[in-house]
Protein chains: 2
Amino acid sequence: MPMSSPAKENYLKAIYALSNELENVTLSKLSERLRVSNPTANSMIKSLKELNWVNYEKYRPISLTDEGKKQAVKIVRRHRLAEMFLVEKMGFNWSEVHDIAEEMEHIKSSLFFDRMDEILGFPERDPHGSPIPDKQGKVLHHNFSKLSEASVGSKVRLMALGSSSRDFLKFLDNRNLELGTEIKVKSIEAFDQSMEVSYNSLAPTTFSRDICDRLLVLPL
Amino acid sequence: MPMSSPAKENYLKAIYALSNELENVTLSKLSERLRVSNPTANSMIKSLKELNWVNYEKYRPISLTDEGKKQAVKIVRRHRLAEMFLVEKMGFNWSEVHDIAEEMEHIKSSLFFDRMDEILGFPERDPHGSPIPDKQGKVLHHNFSKLSEASVGSKVRLMALGSSSRDFLKFLDNRNLELGTEIKVKSIEAFDQSMEVSYNSLAPTTFSRDICDRLLVLPL
DNA sequence: TATTGTTGTTAGACTTATCTAAACTTTTAT
DNA sequence: ATAAAAGTTTAGATAAGTCTAACAACAATA
Ligand SMILES: [Mn+2]
Ligand SMILES: [Mn+2]
Ligand SMILES: [Mn+2]
Ligand SMILES: [Mn+2]
């Protein structure tokens with residue numbers, strides 16, 4: 001009875017991520033996120049319950065047990081360390097690293113990841129601004145707000161991303177937007193909440209609500 | 001029909017390695033090397049034949065097709081680059097890297113390995129002295145001889161290892177033997193072919209025939 | 001509260017990679 | 001040339017992880 005496996009680790013990670021996004025993690029949200037069918041997720045949840053990694057009763061929402069959360073955080077740590085290593089030490093762009101990290105995270109060697117951590121100088125965030133859990137599993141809890149919540153005239157600094165899809169990252173690359181960039185809100189369109197913003201002393205641009213919801217910022 | 005998989009890649013690599021060790025690669029040599037049962041190897045060989053990666057007729061020896069060899073060399077390249085990267089860029093000892101590389105080699109990103117290659121300065125050999133195939137699949141063919149074939153009074157330089165098992169590497173670490181070390185053959189015991197050797201200006205030591213067979217050297 | 005639509009479960013099937021036991025071929029030794 | 005030993009294949013089973021089709025439960029709403 002193999003305790004862990006890449007598939008199980010991916011489920012744990014998905015449940016962990018969904019727990020931070022939704023009130024209740026449901027089977028269909030989980031299967032949608034992992035792009036598997038409902039029955040597939042259902043049967044995997046049964047295995048995870050068997051391992052005491054999730055709490056689950058038929059037809060009820062899914063949650064991680066303490067042990068399950070510990071496992072999930074371990075994989076999140078590995079994923080984010082891998083992404084950071086790829087960007088900082090191997091010259092990859094932040095839009096290229098997710099899929100590689102998705103595979104690296106399953107390598108069975110704590111030392112491999114602790115060594116990365118050390119070489120990187122124990123970074124607090126990954127290339128997309130997400131916190132990297134430390135070796136003990138402690139996760140830095142951040143309090144960034146969405147750019148979409150900023151008011152006209154305010155100035156903010158881009159700290160993290162609410163999505164790391166390749167398309168979104170490419171969009172940001174094209175606009176020369178990176179973590180740390182200072183953004184000024186020029187105006188907000190009442191009809192669709194799109195924002196006119198400026199940064200890097202460039203001519204103002206317009207960002208849709210969708211974009212602004214995924215830019216996590218700190219007020220300056 | 002997934003073309004490749006970690007399991008298939010491990011089989012290709014094992015067949016490739018055995019081809020360089022034996023006249024004929026037989027099913028039982030293969031299953032022994034991979035620590036699987038004969039029927040398991042037999043059924044995998046059928047799949048590999050289906051993919052046109054091996055030549056195989058019932059009861060006859062196994063060989064790689066051109067395409068199979070290409071695939072095998074690709075994985076060998078990835079394994080050896082990973083080992084080299086772990087040693088040179090991540091501070092691992094040569095005895096710690098094999099198992100991690102055994103997992104890394106299956107990551108599906110050519111760029112990941114080409115980037116390692118570049119960062120390492122396109123090394124010709126891995127930490128155990130084995131040649132690293134280049135991006136085009138060309139393998140540096142070396143002509144080292146076994147220490148066991150050296151004659152009394154001769155001086156040689158350790159260039160590569162005929163085995164990279166953890167125990168063997170630990171043995172070499174304990175004796176402060178590393179690639180590049182100059183070794184002088186003091187005497188050979190007629191009974192068991194064990195050799196009295198000296199290196200690093202240390203007091204002479206005795207190496208068994210088993211050891212001397214696995215030390216690949218160049219005459220000086 | 002009864003109907004309906006959404007969500008979750010069960011049943012049954014498939015693929016890959018593995019195993020053991022039994023049968024069959026090939027090789028080796030008398 | 002036979003018989004024994006060694007090596008290989010077939011048959012049948014299992015486990016993980018996936019699927020579709022059909023059915024059941026829940027939640028929303030009329
Ligand atoms: Mn990622
Ligand atoms: Mn993954
Ligand atoms: Mn190795
Ligand atoms: Mn491998």
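Nothing here was measured: the structure is a model prediction, and the numbers come from that model. Here is the naming used below: chain letters follow the sequence lines, and residue numbers restart at 1 for every chain.
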Sub-3.5 Å donor-acceptor pair from the side chain of [X] to the main-chain atoms of [Y], do we have one?
{"X": "B:K49", "Y": "B:Y56", "result": "yes"}
{"X": "B:R115", "Y": "A:M90", "result": "yes"}
{"X": "A:E96", "Y": "A:N93", "result": "yes"}

Discussion item. Under the criterion side-chain contact (heavy atoms from CB on, under 4.5 Å), I'd like the reasoning laid out for A:F112 against B:V97: C-alpha separation, chi angles, the key distance, then a yes or no.
Written reply: CA-CA 10 Å; A:F112 179 56; B:V97 297; over 6 Å; no
Discussion item. Would you say B:S47 places a side-chain N or O within less than 4.0 Å of OP1 or OP2 belonging to C:dT16?
Written reply: no
Worksheet item: Taking only N and O in the side chain of A:S43, is any of them less than 4.0 Å away from OP1 or OP2 of D:dA16?
Response: no
Practice prompt. May I ask you to check whether A:H98 and A:H128 place their ring centers less than 6.0 Å from one another?
Written response: no
Worksheet item: Distance under 6.0 Å and angle within 45° of the ring axis: does B:R77 meet both against B:F113?
Response: no
Under 4.0 Å between a side-chain nitrogen and a carboxylate oxygen: does that hold for [X] and [Y]?
{"X": "B:K108", "Y": "A:D99", "answer": "no"}
{"X": "B:K29", "Y": "B:E21", "answer": "no"}
{"X": "B:K13", "Y": "B:E105", "answer": "yes"}
{"X": "B:E67", "Y": "B:K70", "answer": "yes"}

Item to complete: With sequence neighbours excluded, tell me which residues meet side-chain contact (heavy atoms from CB on, under 4.5 Å) with A:P123.
Response: A:L81, A:M84, A:D117, A:L120, A:I132
Discussion item. The criterion is side-chain contact (heavy atoms from CB on, under 4.5 Å); which residues satisfy it with A:S19, sequence neighbours excluded?
Written reply: A:I15, A:V25
Worksheet item: Is there a residue in residues 32-39 of chain B whose heavy atoms reach under 4.0 Å of DNA chain D, and which residues are they?
Response: B:N38, B:P39
Worksheet entry | Whole-Å gap separating P (D:dA16) and CD (A:E50) | 11 Å
Item to complete: Please report, rounded to the nearest Å, how far the C1' atom of D:dT8 is from the CD atom of B:E57.
Response: 14 Å
Show each protein N/O and nucleotides 1-4 of chain D N/O combination with a separation under 3.5 Å, one pair to a line.
none

Discussion item. From C-beta outward on B:A7, which listed nucleotide comes closest to its side chain: C:dG8, C:dT18, D:dT8?
Written reply: C:dT18
Short heteroatom pairs, N/O only, protein and nucleotides 23-28 of chain C, under 3.5 Å:
| residue | atom | partner | partner atom | Å |
| --- | --- | --- | --- | --- |
| C:dT25 | O4' | B:Y59 | OH | 3.2 |

Worksheet item: Is there a residue in residues 14-31 of chain A whose heavy atoms reach under 4.0 Å of DNA chain C, and which residues are they?
Response: A:T26, A:L27, A:S28
